[in-house]
Colleague: 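Starting off with a structure, shown below.
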Protein chains: 2
Amino acid sequence: MVTSSWAAAHAQTPVPRRRGAVLERAILDAALEQLSTVGWSGLTMEGVAAGAQTGKAAVYRRWPSKEDLVADALRSGLPEFGSAPDLGSVRDDLLHLCLQARDGMFSRSGLALRSVIHECDTLQAERFHAVIFEGVVEPTLKMLREVIERGIERGEVRPDAANSYVFDAIPAMMMYRSKMCGSEWTDVDLTEMIDQLMVPLLRRSGP
Amino acid sequence: MVTSSWAAAHAQTPVPRRRGAVLERAILDAALEQLSTVGWSGLTMEGVAAGAQTGKAAVYRRWPSKEDLVADALRSGLPEFGSAPDLGSVRDDLLHLCLQARDGMFSRSGLALRSVIHECDTLQAERFHAVIFEGVVEPTLKMLREVIERGIERGEVRPDAANSYVFDAIPAMMMYRSKMCGSEWTDVDLTEMIDQLMVPLLRRSGP
């Protein structure tokens, strides 16, 4: 049993025995790694333990079930949502948000979140509903709403555009093409979506 | 072994021994039933055989794998796509298409198709890509395109609306809210989507 960090670094065993927050972080990262590569269905507690270079017992001690572990892993991987961008035009603001969302979608936590969204049946999905909605969907909608409402105030956007179908258009389109076409949503794809879908949808008709 | 339909109806065994197309139909229906209730992950060859009131051997003889059976079951359940509606306005045509699509989504074959779309990983999904795209996505897009192009000809719809982001908006929104919110897409929901998303997206700006 190592008693000092020097001894830990130079111990015979390749991985020093970690405790507390460090070990938990390693386990949560291993869970995110599994989710983003083999998905919810491929993730096993054994696989996560191996990925964290620890034993199954260390995982089960803290997380009695796969659902418990995945819920905490998703939560630990949530991005920070800053304030909505304010670049001068609703088109540029939306494009900035989309680029950020795309980066998030294809990050390890984004891939992890999507595997859970796509693979979990309704019963299991209940367990993760809170982290998905409160952690990602609602902060994203909040920023979209801010950008669109600012556009209405500036006279760029028609007054009746602040409705849930307009707010859902971008998330819906990004999820759809990613799922159905394997789209990687390049910068060009996102620019086209903003210009061909969102700008016509939002602009005022007439002078 | 029964030799006449009278004897079959009055035989000791509750289910007469079926052959050929009748038995195959029963197996495919049982597969659709399984997919629509317990999904791809819940479907087993044993469960399908039981649902078709036949033995596993009868299933495996014709379909060596789960993927083979599911591909044929999905194909057998595909709806007939008629010509695009022509009710006098693009709004009414789109609403009609949406009501049809909604009915399809929530039919047994629709639920079966969606379980495959949502649960299959990319590797498995390759197998079903053809039936999903050729069987449902492309015929649907074809009708959306017809309606929108007719609207352009009539001067109802702006000329630059015939693009893939506009065509994908309805399928994307319907899939998104169904998956993320468990939306059942009532007639009112569909009417709101047409009026709040599609009409502003498509109409000409200015006189």
Side-chain angles (χ1 to χ4, degrees), chain A residues 37-42 114-115 117-126 129 132-133 136-137 141 157-183 189-207, chain B residues 37-42 114-115 117-126 129 132-133 136-137 141 157-183 189-207:
Chain A
T37 52
V38 298
W40 162 265
S41 50
R114 283 156 69 200
S115 84
I117 290 172
H118 290 304
E119 294 177 48
C120 288
D121 62 39
T122 327
L123 215 64
Q124 292 163 327
E126 281 302 307
H129 192 267
I132 292 166
F133 271 79
V136 181
V137 177
L141 284 177
V157 174
R158 56 185 176 88
D160 52 353
N163 65 71
S164 66
Y165 294 92
V166 169
F167 299 141
D168 279 356
I170 288 173
M173 188 67 64
M174 291 184 76
M175 185 174 279
Y176 180 75
R177 285 206 176 178
S178 157
K179 180 71 184 168
M180 297 296 281
C181 316
S183 171
D189 296 333
L190 291 169
T191 308
E192 283 183 353
M193 175 178 62
I194 296 301
D195 287 333
Q196 295 182 27
L197 182 75
M198 297 311 291
V199 167
L201 176 60
L202 295 169
R203 71 186 162 207
R204 291 175 61 141
S205 41
Chain B
T37 52
V38 297
W40 161 266
S41 50
R114 283 157 67 199
S115 85
I117 289 173
H118 290 303
E119 294 177 47
C120 289
D121 62 38
T122 328
L123 216 64
Q124 293 162 327
E126 282 302 305
H129 192 267
I132 292 167
F133 271 79
V136 181
V137 177
L141 284 177
V157 174
R158 56 186 176 88
D160 52 353
N163 65 71
S164 65
Y165 295 91
V166 169
F167 298 141
D168 279 356
I170 289 174
M173 188 68 63
M174 291 184 75
M175 185 175 279
Y176 180 76
R177 286 204 177 179
S178 157
K179 178 72 184 169
M180 297 296 282
C181 315
S183 172
D189 296 333
L190 290 168
T191 308
E192 282 184 353
M193 174 178 64
I194 295 301
D195 287 334
Q196 295 181 26
L197 182 75
M198 297 311 291
V199 167
L201 176 61
L202 295 170
R203 71 186 162 207
R204 292 173 61 138
S205 42

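Just so we're on the same page: letters track the sequence lines, and every chain starts at 1. All values below come from the heavy atoms of this structure, side chains included, with hydrogens, waters and symmetry mates left out.
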Colleague: Measure distances from Val199(B) to the heavy atoms of chain A and classify the residue's part below 4.5 Å as side chain, backbone, both or neither.
Modeller: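 It is neither, since no heavy atom gets under 4.5 Å.
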Colleague: At their closest point, which heavy atom of Gln196(A) faces which heavy atom of Arg158(B), and how far apart are they?
Modeller: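 Where Gln196(A) meets Arg158(B) most closely, the heavy atoms are O-NH2, 3.8 Å.
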Colleague: Do you know which of Gly182(A), Ala161(A), Pro200(A), Ala172(A) has the most heavy-atom pairs with chain B at a distance under 4.5 angstrom?
Modeller: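 Among the listed options, the one with the most contacts to chain B is Ala172(A).
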Colleague: Counting only non-hydrogen atoms closer than 4.5 Å, does Met175(A) touch chain B with its backbone (N, CA, C, O), its side chain (CB onward), both, or neither?
Modeller: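 It is the side chain, since no backbone atom gets that close.
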Colleague: Name the member of Ser115(B), Ser164(B), Ala169(B) that forms the most heavy-atom pairs with chain A at distances under 4.5 Å.
Modeller: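 Heavy-atom pairs under 4.5 Å are most numerous for Ser164(B).
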Colleague: If you define the side chain from C-beta out and look only at heavy atoms, does anything of Asp189(B) sit under 4.5 Å from Tyr165(A)?
Modeller: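 In contact.
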Colleague: Do you know which of Arg177(A), Met198(A), Glu192(A) has the most heavy-atom pairs with chain B at a distance under 4.5 angstrom?
Modeller: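 So the answer, after comparing Arg177(A), Met198(A), Glu192(A), is Arg177(A).
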Colleague: Minimum heavy-atom separation for Phe133(B) and Met180(A), please, with both atom names.
Modeller: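 Result for this residue pair: CZ-O, 3.1 Å.
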Colleague: Which one of Leu197(B), Leu202(B), Asp168(B), Val166(B) has the most heavy-atom pairs closer than 4.5 Å to chain A?
Modeller: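 Looking at each of Leu197(B), Leu202(B), Asp168(B), Val166(B) in turn, Asp168(B) comes out on top.
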